[in-house]
Amino acid sequence: IKMAEEIKEEKTQAEEIEETEKKKAEENSKDNEKVIDQVGWLPLSVVEPTRKTKKIWKNAYLNDGLDEQRRSDEAKYLSGLGFSEFHAGLTEDIIHYWSVVDSVVVDPFAGRATRAFVTTKLGRKYYGYDISPKTVKRVKKHLDSYNIDTTIYIENGCEMKHTANDFADLVMTCPPYHQLEKYESVENQLSDINDYETFLGMLKLCAVNIKRVLKPGGFLVWVCADWRDGNEFRSFHTDSIQMFKNVGLKYHDLIVMKNKSPFASMQIGKVAANRYTSKIHEYVLVFRKEGELKYPSNHIRTQVSKWW
């Protein structure tokens, strides 16, 4: 009888523990839902932007039908492959999490419309730079077709000479990956630089100016990846971290973004033969300028204080 009572008591305790854990899980789930409602996504250190969000933002992508490609028709793998595109869903997550309505967002490497489109649609003020006249012309035409009013300068984004000191609440960008993609050849075009060290030197100038244009307390979100260039493995994300720390920005966070690379499955034999791995991720690096960020209005400050 005593043994039966002990077993019953142990069973009761186990049930109580299970019930407690169930309640905690439900509470955590509710907390997660609240966070997602507030910032649009669950802020975890590994993310994977979905095809669903890409479809939702389908108009954000430059789709003027012009023929352009970064790989030749004779290339062994993925001949005729077009330029890469920044994921609109990732842009949405960045904007929701590191800015508020009416925030000023500066993009030193504006590229192909996506970040400008999403940022403006979400009620922020977007200022971009791109050194390629043809690209800027196409992007402005695309944005105009959707009545999206942004400012994009055909200028060197490393200098950002049209942007005042302490101007941006958020700097968000994805820099060129040296010569992995070849862009329109113009003066100061980063993909025209032959050696990696000179390329990094130009980006160091950009880092200085990013710190300059950020407001105290403002964020930098820098999306980048590592690569092999035929000479060696370029750990670009660690070079970027050191670069921004050297100019005085605080290293705030790192997120690994899973990336569906079209090359991954095609080069498995090659990477295995050389005993390295095929990269299927990028990095979302977050930095912050010292100081306290002032919000655009008292109403927004009140709302933000509830969760930020």
Side-chain angles (χ1 to χ4, degrees), residues 36 39-41 47-70 81-155 157 160 162-163 167-177 181 183-184 210 213 218-225 255 257 259-260 282 284 286 296 300:
I36 292 171
V39 300
W41 60 295
V47 299
E48 184 175 8
T50 64
R51 291 182 179 179
K52 181 180 178 181
T53 55
K54 194 168 186 177
K55 289 180 180 178
I56 290 171
W57 288 103
K58 63 180 181 180
N59 293 332
Y61 297 95
L62 189 60
N63 56 1
D64 55 13
L66 292 183
D67 183 29
E68 61 173 0
Q69 60 188 58
R70 63 167 173 157
L81 180 69
F83 285 110
S84 59
E85 295 178 309
F86 198 87
H87 199 294
L90 176 61
T91 306
E92 181 180 11
D93 292 344
I94 292 170
I95 291 298
H96 277 311
Y97 202 59
W98 286 288
S99 75
V100 295
V101 171
D102 286 335
S103 286
V104 173
V105 179
V106 173
D107 186 347
F109 306 106
R112 295 163 48 82
T114 311
R115 292 190 294 275
F117 188 105
V118 176
T119 299
T120 308
K121 281 288 189 180
L122 293 177
R124 280 67 169 173
K125 300 168 185 175
Y126 179 92
Y127 297 82
Y129 286 82
D130 200 285
I131 206 164
S132 305
K134 291 180 181 177
T135 299
V136 173
K137 182 179 179 180
R138 294 173 60 202
V139 167
K140 286 185 174 180
K141 184 177 179 181
H142 178 77
L143 296 175
D144 287 346
S145 68
Y146 291 98
N147 297 315
I148 292 177
D149 184 21
T150 62
T151 301
I152 302 178
Y153 303 106
I154 308 174
E155 294 285 354
M160 291 183 279
H162 295 292
T163 305
F167 179 75
D169 300 287
L170 168 68
V171 173
M172 168 187 62
T173 199
C174 181
Y177 295 171
E181 293 186 341
Y183 303 105
E184 181 182 357
I210 286 174
V213 305
F219 289 99
L220 162 65
V221 179
W222 180 268
V223 180
C224 66
I255 298 168
M257 180 180 69
N259 185 24
K260 291 181 173 63
E282 293 180 83
V284 181
V286 185
I300 290 175

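Computed from a predicted model, the values in this text were never measured in an experiment.
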Determine, stepwise, if the pair Tyr97 / Val221 fulfils side-chain contact (heavy atoms from CB on, under 4.5 Å). CA-CA 11 Å; Tyr97 202 59; Val221 179; over 6 Å; no
Could you please spell out the steps behind the side-chain contact (heavy atoms from CB on, under 4.5 Å) verdict for Thr119 and Thr150? CA-CA 9 Å; Thr119 299; Thr150 62; over 6 Å; no
For the pair Glu85 (side chain) and Tyr61 (backbone), establish whether a donor and an acceptor sit closer than 3.5 Å, ignoring hydrogens and angles. no
Are Glu92 and Trp41 packed together at the side-chain level, in the sense that at least one heavy-atom pair is separated by less than 4.5 angstrom? no
Nearest atoms (heavy-atom pairs only) where Ala168 meets Val106: CB-CG2, 3.6 Å
d(Thr120 OG1, Tyr146 OH) to nearest 0.5 Å is 14.0 Å
Can you find a heavy atom in the side chain of Lys54 that is under 4.5 Å from one in the side chain of Pro49? no
Any sub-3.5 Å donor-acceptor pair from Arg115's side-chain atoms to Phe109's backbone N or O? yes
Could you give the distance from CG (Leu220) to CE (Met172), rounded to the nearest 0.5 Å? 11.0 Å
Return the CD1 to OG1 distance between Ile56 and Thr50, rounded to the nearest 0.5 Å. 7.0 Å
Write down the atom of Ala60, the atom of Val118, and the distance for their closest heavy-atom approach. CB-CG2, 4.0 Å
Testing the basics here: between Ile131 and Ile154, what is the closest heavy-atom pair and its distance to 0.1 Å? O-CG2, 4.3 Å
Ignoring hydrogens and geometry, is there a side-chain-to-backbone donor-acceptor pair from Arg138 to Leu62 under 3.5 Å? no
Once the angle between the rings of His162 and Tyr153 is folded into 0 to 90°, is it parallel (under 30°), tilted (30 to 60°) or perpendicular (over 60°)? parallel
Heavy-atom side-chain proximity of His87 to Thr53 below 4.5 angstrom: yes
All heavy atoms of Tyr126 vs all of Ala116, minimum pair found to be CE2-CB, 3.4 Å
Just so I know, are the side chains of Thr135 and Tyr183 near enough to count as touching, which here means a heavy-atom distance under 4.5 Å? no
Return the set of residues passing side-chain hydrogen bond (donor to acceptor under 3.5 Å, both in side chains) with Thr173 (not counting sequence neighbours), or none when no residue passes. Asp107
Is there a side-chain contact between Val47 and Asp93, using heavy atoms and a 4.5 Å cut-off? no
Relative to the ring of Trp57, is the ring of Phe117 parallel (under 30°), tilted (30 to 60°) or perpendicular (over 60°)? perpendicular
Is Ser99 close to Leu170 at the side-chain level, that is, under 4.5 Å between some pair of heavy atoms? yes
For the pair Tyr127 (side chain) and Val104 (backbone), establish whether a donor and an acceptor sit closer than 3.5 Å, ignoring hydrogens and angles. no
For the atom pair NZ (Lys121) and CG (Leu143), what is the distance rounded to the nearest 0.5 Å? 10.5 Å
Answer yes or no: is there a side-chain heavy-atom contact under 4.5 Å between Met160 and Phe167? no
So, taking the atom named CE in Met257 and the one named SG in Cys224, what distance separates them when rounded to the nearest 0.5 Å? 9.5 Å
Check whether any side-chain heavy atom of Asp130 sits under 4.5 Å from a side-chain heavy atom of Val139, and report yes or no. no
For the side chain of His142 and the backbone of Asn59, is there at least one donor-acceptor N/O pair under 3.5 Å apart? yes
